[in-house]
Visitor: 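Attaching a single structure in C-alpha cells format; questions to follow.
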Amino acid sequence: MTAVNDREQLAYIASQAADARVNLELEAEGMTLNIGPQHPATHGTLRIVLELDGEQVIKADPVMGYMHRGYEKLVEVRTYPQVTTLINRIDWLSGFANEVPFILAAEKLMEIEAPERAKHIRTLLFEMSRIANVTLFLGDMAVQLGAVSPVFYAFRDREYVLNQIEAVTGGRFHPNFDRIGGLKDDLPAGWIEDTKVAIQKIYDFCDEMEDLLVGNEIFQARTRGIGIIPADVALSYGLSGANARASGIDWDLRRDSDVGQGGGLAYDKVDFKVWTHPDGDSFARYWVRLQETREACSIVEQLLDTIPSGPIMAKVPRIIKVAEGEAYVATENPLGEMGYYVISQGGLEPFRVKIRSASFSNMSITPWLLQGTYVPDVITILASLYFILGDIDR
Amino acid sequence: MPKVPGLIKGLSVTFGEIVKTVTKGADTVQYPHVKEVPVPRARGVIALHEENCTSCMLCSRECPDWCIYIEGHKTLAPPRRAGGKPRSVNKLDRFDIDYGLCMYCGICVEVCPFEALFWTPEFEYSEPKIADLLHDKERLGEWMETVPEFEPYEGGSEAKVKKVPRP
C-alpha cells in the first residue's frame, strides 16, 4: 500500500512526466485509451478518452452526446400534459422524480396549489423512486469492482419497490402519474400495507449490503482514498446530491428549499437526517447513498402512516394554458439537483424548457478527478460518481 | 470480542442467501410455463369499446407521438321513439393504434370523454415484424375481455370507482 494516495501529488508527478516528455521532444506521446461508447461501466453510451502514461492517467476527456434525444426541443411542440411522458425518460431509473420539478414549475406559473393528499402521495412516490434508483447503485458499484452477487440482490429487491410503484401508477419505469394540480389517480386499496412489507425488504437489503460490502477489506482497499473531491472543488464544479454531501457539504433541497418544505412536496411533515461524510472519496459516496436509502425508507414509512384524506386534484381547466412568465423549480432528485426552467408565452405549449440535470454537472468533474489516477481506479471513480447517461445527454 | 473479518461476514451473507433461495424458492419464475399476474392497473395494451366511441378524435389529437389513426363518417340511425326524426350518429370506420410508436403513457385513455378506451394488463402480443404492431379496431375490441374491474380506493380517498362496460 505504498501507492501514493494523495491525488494532488499524483497529479503533480503526472504533469512533471508530461513536461519531461515535451522537453525531450519525444514523438511517442502517452497511449490513448478509449473507454466506451459501449462499455458496461458507463450505464449507457459515454465515451471517455484517456491519455495514459503506463498505468497512470495524464488526461481524461469525456465525450458526451451519444444518447442525445433532444428533449428540450421536443417539449416545445408538445402540450403541458404531453411533456411528462417525455421527461419520464431522462433519468430512466427514477421516472417519477423527473416529473415533479416540471409539474411544480407549471403549477407555480399557473398559481395552482395541489391538495394536501396529492402533495403527500407525490412525496411518497418521489421517495420510492429514489429508493428504486439508489438501490441499483448499491449493487452496481460492487459489480464495477468485480463482485457480482450484490447486483443480483439489488435487482431482486428493487423489484419490490417497482411493483408497488406499478400497482399505483401502472408503469414500472415511466409512471406518467403527476398532473398539473394533483395526481392522475388515487391509491388502490391495500396498497399501504403492501408497501410497508416492501420497505422492510429494502431495510434488510441495506443491512445485507453493509455486511457484504462496507465492512469488506477488499472493498475498502479499492474505494478508500480513491477519487477524493474536496468540498471547495465540489462546489466550484456544481456537484449536487449525494456526491456533494459525501464531500461534507451539508446541502439538501428537500430540507433547504421552499419547494421541499410544503410548497409542492411534504417534507415538512417528516423527520429526516441529511447524511454527510467528511472524506469525499469513493467510499464516502457509497456510504452516504447507503444511509440515504435507509433515510428514504424511514420517510416513506412516516408518510404512509399520515396520509391525509381529501381530493387528489385541484380545480384545473380542462385545456391547460399556462400563464405567461418564467419559473425555475429544482428538487433533490436521486442523482442530485434537478431543475426545470420553464418559459411560457401563455400558450398550450412551453416556449422553452431548460433542463438542469444533476448527472451533467456531476460528470463534468471527471477530467479534474481522473487526472493522476490509475486505470483500475477509473472505473471505481466513474461508478461512485453515479451518473445515468440519459440524465447527462437528455 | 475479536472483530469478524469483513470477508467472512460477507460470505455468510451470500451463504444465507443460498439457503434462503433453496428453502423458500427463487423470486423469479420460468416465464412461458409459469406466468406472473400483473397488477390490475398495469399498462399492458389499450382496449377499445367500440360502441362508446364517437370518433371525436380527442385521443388522436392528445397523443404525444400521434400514433392513433381514426376515420369515421356520419350516418342516420333509426329514431329512438316511433314517429321521431332519424338521429345522426358517427360511425367508426377505422381505429388503429400503432404499438410500434406508442409510448404507453395513457393520455388517450385519460382524455376519452365517452369511456371507450381502457388499459388492460395483457402483454403477450409481440410480433416478428414491427409493422405488424399496427392493430385495428377488431383486435383492440378483442382485448376488452381482458380488462379487469377497477380496484376500490384506499381509505380517505374521495375518488369514485369507475365501471367497465361489459357486453
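Sequence lines set the chain letters: A, B, ... in the order given, protein chains first and strands last, and positions in each chain run from 1. Quantities reported herein were computed from a predicted structural model and do not represent experimental measurements.
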Visitor: Using heavy-atom distances under 4.5 Å, tell me whether A:Leu187 contacts chain B through its side chain, its backbone, both, or neither.
Guide: both

Visitor: Quick check for you: among A:Pro150, A:Pro175, A:Ser149, which has the greatest number of heavy-atom pairs under 4.5 Å with chain B?
Guide: A:Pro175

Visitor: What are the two closest non-hydrogen atoms of B:Cys105 and A:Thr85, and how far apart are they?
Guide: CB-CG2, 3.1 Å

Visitor: Looking only at heavy atoms and a cut-off of under 4.5 Å, which of A:Ile192, A:Val214, A:Thr79 has the most pairs with chain B?
Guide: A:Ile192

Visitor: To the nearest 0.5 Å, tell me how far B:Arg43 CZ sits from A:Arg172 CZ.
Guide: 12.0 Å

Visitor: Got a second to check how far A:Leu212's CG is from B:Leu11's CG, nearest 0.5 Å?
Guide: 8.5 Å

Visitor: Name the member of A:Val168, A:Asn216, A:Asp186, A:Asn176 that forms the most heavy-atom pairs with chain B at distances under 4.5 Å.
Guide: A:Asp186

Visitor: Determine the minimum heavy-atom distance between A:Tyr153 and B:Thr14, stating which atoms define it.
Guide: OH-CG2, 3.6 Å

Visitor: Measure distances from A:Ile218 to the heavy atoms of chain B and classify the residue's part below 4.5 Å as side chain, backbone, both or neither.
Guide: side chain

Visitor: Might you confirm whether atom CZ of B:Phe15 has over 12 heavy atoms from other residues, nucleotides or ligands at distances under 6.0 Å?
Guide: no

Visitor: Taking every non-hydrogen pair under 4.5 Å, which of A:Glu166, A:Arg117, A:His174 racks up the most with chain B?
Guide: A:Arg117

Visitor: Run the side chain to side chain contact (heavy atoms under 4.5 Å, CB included) test on B:Asp65 and A:Gln82 for me, step by step, so that the C-alpha distance in whole Å, both residues' side-chain angles and the decisive distance to 0.1 Å come before the verdict.
Guide: CA-CA 9 Å; B:Asp65 49 7; A:Gln82 289 175 347; over 6 Å; no

Visitor: With a sphere of 6.0 Å drawn around NZ of A:Lys196, does it hold more than 12 non-hydrogen atoms of other residues, nucleotides or ligands?
Guide: yes

Visitor: Identify whether the distance between the nearest side-chain nitrogen and carboxylate oxygen of A:Arg179 and B:Glu110 falls below 4.0 Å.
Guide: yes

Visitor: A:Asp185 and B:Tyr153: side-chain donor and acceptor closer than 3.5 Å?
Guide: yes

Visitor: Would you compute the distance between atom CD of B:Glu17 and atom CD of A:Glu208 and round it to the nearest 0.5 angstrom?
Guide: 4.0 Å

Visitor: State plainly whether the residues B:Glu62 and A:Arg78 are in salt-bridge range, i.e. N to O under 4.0 Å.
Guide: no

Visitor: May I ask you to check whether over 12 heavy atoms, not counting those of B:Glu145, lie within 6.0 Å of atom CD?
Guide: no

Visitor: Is there a side-chain contact between B:Asp27 and A:Tyr160 in this structure, where contact means two heavy atoms from C-beta onward sitting under 4.5 Å apart?
Guide: yes

Visitor: Just how far is it from atom CD of B:Glu36 to atom CG of A:Asn163, taken to the nearest 0.5 Å?
Guide: 7.0 Å

Visitor: When you look at CD1 of A:Ile319, are more than 12 heavy atoms from neighbouring residues, nucleotides or ligands closer to it than 6.0 Å?
Guide: no

Visitor: Counting heavy-atom pairs under 4.5 Å to chain B, which of A:Ala147, A:Ala189, A:Ser309 comes out on top?
Guide: A:Ala189

Visitor: Strictly less than 4.5 Å between heavy atoms, which residues of residues 111-142 of chain B line up against chain A? Please order them by number.
Guide: B:Val111, B:Pro113

Visitor: Below 4.5 Å, heavy-atom pairs only: which of A:Asp211, A:Thr169, A:Thr84 has the largest tally toward chain B?
Guide: A:Asp211

Visitor: How far does CZ of A:Arg156 sit from OG1 of B:Thr21, to the nearest 0.5 angstrom?
Guide: 6.5 Å

Visitor: Can you tell me how far apart CZ (B:Arg41) and CZ (A:Phe177) are? Round to the nearest 0.5 Å.
Guide: 6.0 Å

